[in-house]
Amino acid sequence: MSLADWLERAKRWLAGARPASRTPDGGFAPRRTDHPTEMRTDHIMCVGPHGIHRMVYYEWGDPTNPRVLLCVHGLTRTGRDFDELARALAPYYRVICPDVVGRGLSDWLTVKTDYTIPLYVSDMLTLLGKIRPKTLHWVGTSMGGLIGMTLAAQPMSPIDKLVLNDVGPVLSAASLERIGRYVGEMPRFASLEEAEAYLRRIHAPFGPLTDAQWRHLTLHSVRQDVDGRWVLRYDPGIAVPFQTQPALDVDLWALWDAIRCPTLVLRGAESDLLTHETAEAMTRRGPRAKLVEIPGVGHAPALMDREQIAIVEEFLLDRSSP
């Protein structure tokens, strides 16, 4: 699908969206609530080109809070990646972390070429139609950031503040080819420990994580098959769009230049998906984002340690800069 087709479909989906109620500072005044922060699980039914599918999401904080933080994960990940971030921000937001279709506990699509950004945008709009936020802040890692960029670029965008975690308007052919190679693998593991060792290798660019954090990621990245072996918790068909497209750089500056909401860009200092040059250009074009580079991390910062979470908090809650 061409960029023009992508934008046109996104605009049609957004045509019925209601403009968000916002103020010049982004429409958010931090207010801590005392609602318990235990996680809840729910789902919505979404429609795509070839039928209906279920999207599961995890929710934290006061379910009546009109201030919503939507956290959307990367290509092969799940909404449970955001547990630590969600727990920290639940006193201020109703935090929603979906499993994008084809991942986690959500359904798999029957037609694999439907795994595209326009479908994910459509699903997120269905979710927003259910939760009906008055103020919407968005944290998107990699693919989740591309979904957020697409929504934020629309004239009637519901997003008031945007955090992009290691993604931007230029995606290199080399990085996309690398991602396509490992996404196409579907290894089977004899034990949870073997699965964790694999994930530690594949996701080493996440940076230094504790043993407990690696085990958390592993538990929500795999499931046991009928024969007792462990398999990855995503549809291998998500690789099909990568395999059917030529290996070319992707240029999304038209999206970026249309974004108007306050934006924070996080970049792993060793990232191969978001270069330093592109990240710097993002501070001068479009929403003129604030940029924070995180040393010792590639693609993408895991947003699990206190320092990374604090960067996001300070931007979203309008606290002083780090």
Side-chain angles (χ1 to χ4, degrees), residues 17-18 20-21 26-47 52-74 76-108 119-145 147-148 151-152 157-163 165 213 216-217 219-221 223 233-234 302-304 308-309 312-313 315-317:
R18 296 177 60 187
S21 174
F28 181 75
R31 176 175 65 84
R32 186 180 181 91
T33 68
D34 295 322
H35 195 84
T37 59
E38 288 81 8
M39 188 193 78
R40 304 175 296 279
T41 304
D42 205 341
H43 73 275
I44 56 169
M45 303 305 292
C46 305
V47 63
I52 294 172
H53 55 271
R54 186 182 69 142
M55 184 172 74
V56 171
Y57 63 91
Y58 313 100
E59 182 174 355
W60 306 71
D62 183 351
T64 67
N65 193 338
R67 297 182 301 274
V68 170
L69 176 62
L70 189 59
C71 302
V72 187
H73 59 78
T76 64
R77 303 303 310 146
T78 80
R80 297 302 302 272
D81 285 8
F82 295 106
D83 280 9
E84 291 302 318
L85 180 68
R87 190 175 289 113
L89 287 167
Y92 306 96
Y93 292 93
R94 180 185 181 187
V95 185
I96 307 287
C97 308
D99 283 345
V100 177
V101 64
R103 290 86 169 170
L105 301 182
S106 292
D107 287 346
W108 292 9
L119 177 73
Y120 306 149
V121 170
S122 177
D123 286 358
M124 295 305 157
L125 286 172
T126 301
L127 176 59
L128 292 174
K130 177 180 179 180
I131 63 180
R132 300 178 65 83
K134 288 189 177 178
T135 300
L136 177 64
H137 292 176
W138 185 292
V139 174
T141 295
S142 194
M143 178 188 74
I147 300 168
L151 272 172
S157 172
I159 297 176
D160 295 285
K161 273 191 176 182
L162 177 64
V163 177
N165 186 20
Q213 289 168 339
H216 173 85
L217 291 177
L219 288 172
H220 299 290
S221 298
R223 59 179 175 82
R233 197 183 284 274
Y234 65 82
L303 304 184
M304 297 182 78
Q308 292 178 18
I309 290 172
V312 176
E313 280 184 339
F315 173 75
L316 293 179
L317 302 181

Kindly give the heavy-atom pair with the smallest separation between [X] and [Y], and that separation in Å.
| X | Y | value |
| --- | --- | --- |
| Ile147 | Met124 | CG2-CG, 4.0 Å |
| Asp123 | His53 | OD2-NE2, 2.8 Å |
| Val56 | Ser106 | N-OG, 2.8 Å |
| Pro98 | Cys71 | CD-O, 3.2 Å |
| Cys97 | Phe82 | SG-CB, 3.8 Å |
| Ala88 | Pro91 | O-CD, 3.4 Å |

Gap separating the [atom1] atom of [X] from the [atom2] atom of [Y], nearest 0.5 angstrom:
| X | Y | atom1 | atom2 | result |
| --- | --- | --- | --- | --- |
| Glu313 | Gln308 | CD | CD | 12.5 Å |
| Trp138 | Leu316 | CH2 | CG | 13.5 Å |
| Ile309 | Glu84 | CD1 | CD | 6.0 Å |
| Ile96 | Leu136 | CD1 | CG | 10.0 Å |
| Arg40 | Trp60 | CZ | CH2 | 9.5 Å |
| Met304 | Leu85 | CE | CG | 10.5 Å |

Partners meeting ring-ring contact (aromatic ring centres under 6.0 Å, His included) with His220 (sequence neighbours left out): His216
Is NZ or CZ of Arg67 both nearer than 6.0 Å to the six-membered ring centre of Tyr92 and within 45° of the ring axis? no
Tyr58 vs Leu105, test: side chain to side chain contact (heavy atoms under 4.5 Å, CB included). Steps then yes/no. CA-CA 10 Å; Tyr58 313 100; Leu105 301 182; 3.5 Å; yes
Starting from the C-alpha separation in whole Å, work towards a yes-or-no answer on side chain to side chain contact (heavy atoms under 4.5 Å, CB included) for Leu151 and Leu125. CA-CA 9 Å; Leu151 272 172; Leu125 286 172; 3.7 Å; yes
Check Lys130 with Asp42, please: is the shortest side-chain N to carboxylate O separation under 4.0 Å? yes
Is there a donor-acceptor pair closer than 3.5 Å between any side-chain N or O of Asp107 and the backbone N or O of Arg54? yes
Is there a donor-acceptor pair closer than 3.5 Å between any side-chain N or O of Thr141 and the backbone N or O of His73? no
Are Arg80 and Leu219 close enough, and set up right, to give a side chain to side chain contact (heavy atoms under 4.5 Å, CB included), and what steps lead you there? CA-CA 10 Å; Arg80 297 302 302 272; Leu219 288 172; over 6 Å; no
Residue that, paired with Tyr57, satisfies side chain to side chain contact (heavy atoms under 4.5 Å, CB included) out of Asp99, Leu70, Ile44, Val72: Ile44
Check Asp160, Val95, Val163, Leu317 against His137 for a side chain to side chain contact (heavy atoms under 4.5 Å, CB included) and give me the one that passes. Asp160
Applying salt bridge (charged side-chain N to carboxylate O under 4.0 Å, His left out) to Arg77 and not counting sequence neighbours gives Asp81
